[in-house]
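Here's the structure we're looking at; comments come further down.
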Amino acid sequence: MELGMIGLGRMGANMAQRLVRGGHRVVGFDPKPEARKAIEDNGAESAATLDALVAKLKAPRTLWMMVPAGAITDDTVNALLPLLSAGDTLIDGGNSNYKDTLRRAATCAGKNIQYVDCGTSGGIWGLAEGYSMMIGGDAAAVEHLRPIFETLAPGKDTGWGRVGPVGSGHFTKMVHNGIEYGLMQAYAEGFSILGHKQEFALDLHQIAEIWRTGSVVRSWLLDLTSDALGKNPKLDGIAPWVADSGEGRWTVAEAIDLDVPAPVITASLIERLRSRDTDSFADKLLAAMRNEFGGHAIKKE
Ligand SMILES: O=C(CO)[C@H](O)[C@H](O)COP(=O)(O)O
């Protein structure tokens with residue numbers, strides 16, 4: 001097939017490369033000249049503007065956005081709309097909030113442009129191993145894109161699928177990332193407990209390696225945990241500060257809206273927020289209150 005890839009960062013560039021290797025014609029757009037040069041070196045074509053990108057594709061066109069969620073995705077959709085024609089398909093492969101996806105899809109439907117949301121997982125490993133894709137959209141539109149998904153996926157018939165109507169792909173990816181938070185938190189806490197048992201002087205990398213085969217808790221996240229501990233056993237130089245990109249907090253908000261208890265995912269999100277509070281006013285106030293009501297000692301700074 002022929003596809004325009006918008007956004008040639010780590011994910012977009014690697015996906016373009018995997019598609020080229022699979023025999024597809026890919027034209028990539030990114031404002032950065034070095035990003036365009038890099039995909040040309042890997043066999044794709046490039047365009048320096050969105051107008052040029054659309055002009056290089058035959059109608060009906062397929063365009064895949066791999067750009068940051070939020071305002072940049074909105075800006076991209078708004079810039080593309082006047083350039084696209086009825087029958088074209090626009091795929092959002094980023095981590096968009098599904099509610100934004102529903103809004104954008106409605107706008108596109110007004111111009112008879114198909115909007116397909118593809119929750120994409122696989123990170124920097126996807127180029128070699130393939131991407132897991134949770135797809136929402138019109139069934140016929142998704143079927144039309146089958147050759148693209150078969151090439152990007154880990155296997156022709158594995159690791160991808162249409163999960164429901166437009167919005168459902170991003171909704172599913174949101175929950176996937178919520179689960180990711182909980183799994184990561186459990187591994188992090190477990191290894192921290194092991195590391196604090198000083199009299200046993202446990203080798204955390206060795207334990208991760210043992211668990212990787214046969215153990216009930218083996219997983220790809222554990223494989224990556226083991227790699228990290230092997231490279232840097234004491235995690236030197238890494239600040240205890242954990243970012244988030246939104247999907248964990250959207251999962252928690254959705255769980256509350258649906259009256260679904262999700263204590264593990266919620267606690268792992270809160271723990272990330274807590275990691276950034278390196279001078280906690282709340283903790284100081286707790287200590288002050290204990291001192292007020294019970295005369296309990298305050299640890300001085
Ligand atoms: O989608 C992903 C993995 O599945 C991305 O790596 C995402 O950025 C991870 O979420 P967060 O940044 O909130 O940890």
Side-chain angles (χ1 to χ4, degrees), residues 5-18 64-74 76 91-101 116-136 149 152-154 158-161 163 167-192 218-228 235 238-256 262-277:
M5 180 65 76
I6 299 163
L8 303 172
R10 281 194 302 265
M11 290 291 283
N14 282 350
M15 293 173 95
Q17 198 177 334
R18 191 168 167 95
W64 186 301
M65 294 183 292
M66 212 61 206
V67 299
I72 296 181
T73 303
D74 269 326
T76 306
I91 306 160
D92 179 2
N95 275 340
S96 289
N97 186 308
Y98 81 97
K99 292 177 183 169
D100 290 336
T101 299
V116 171
D117 52 310
C118 178
T120 312
S121 183
I124 52 175
W125 298 75
L127 172 60
E129 304 200 0
Y131 300 88
S132 168
M133 289 170 291
M134 300 135 255
I135 303 154
F149 295 128
L152 288 173
T158 53
W160 74 278
V163 295
S168 64
H170 281 150
F171 184 84
T172 305
K173 179 63 172 26
M174 174 193 80
V175 176
H176 166 284
N177 280 27
I179 293 169
E180 185 177 289
Y181 279 41
L183 292 172
M184 291 169 69
Q185 187 67 31
Y187 284 123
E189 290 177 12
F191 281 102
S192 178
R218 66 187 182 273
S219 75
W220 189 59
L221 274 173
L222 178 66
D223 297 345
L224 301 179
T225 303
S226 183
D227 289 348
L235 304 179
I238 300 176
W241 195 101
V242 191
D244 79 289
S245 311
E247 298 206 307
R249 56 182 75 202
W250 302 338
T251 307
V252 170
E254 197 69 36
I256 292 167
V264 171
I265 296 173
T266 304
S268 49
L269 170 69
I270 302 301
E271 190 51 33
R272 288 195 186 197
L273 305 186
R274 190 167 178 80
S275 77
R276 297 172 219 164
D277 193 357

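The structure presented is a predicted model; accordingly, all values stated were derived computationally and were not measured. In each ligand, atom 1 is the first atom listed, and ligand 1 is the first ligand listed.
Across all their heavy atoms, Leu152 and Met15 have their closest contact at CD2-O, 3.7 Å. Of all heavy-atom pairs between Ser168 and Ile135, the closest is OG-O, 4.3 Å. Of all non-hydrogen atoms in Tyr131 and Arg18, the two that sit nearest each other are CE1-CD, 4.0 Å.
With contacts defined as side-chain heavy-atom distances shorter than 4.5 Å, the pair Thr73/Asp100 does not qualify.
Near ligand 1, residues Asn95, Ser121, Lys173, His176, Asn177, Glu180, Tyr181, Asp244, Ser245, Arg272 come within 4.0 angstrom through at least one heavy atom.
Between the Ser275 side chain and the Arg272 main chain, a donor and an acceptor come within less than 3.5 Å of each other.
Annotation for Arg276: atom CZ counts as buried by contact number, over 12 foreign heavy atoms lying within 6.0 Å.
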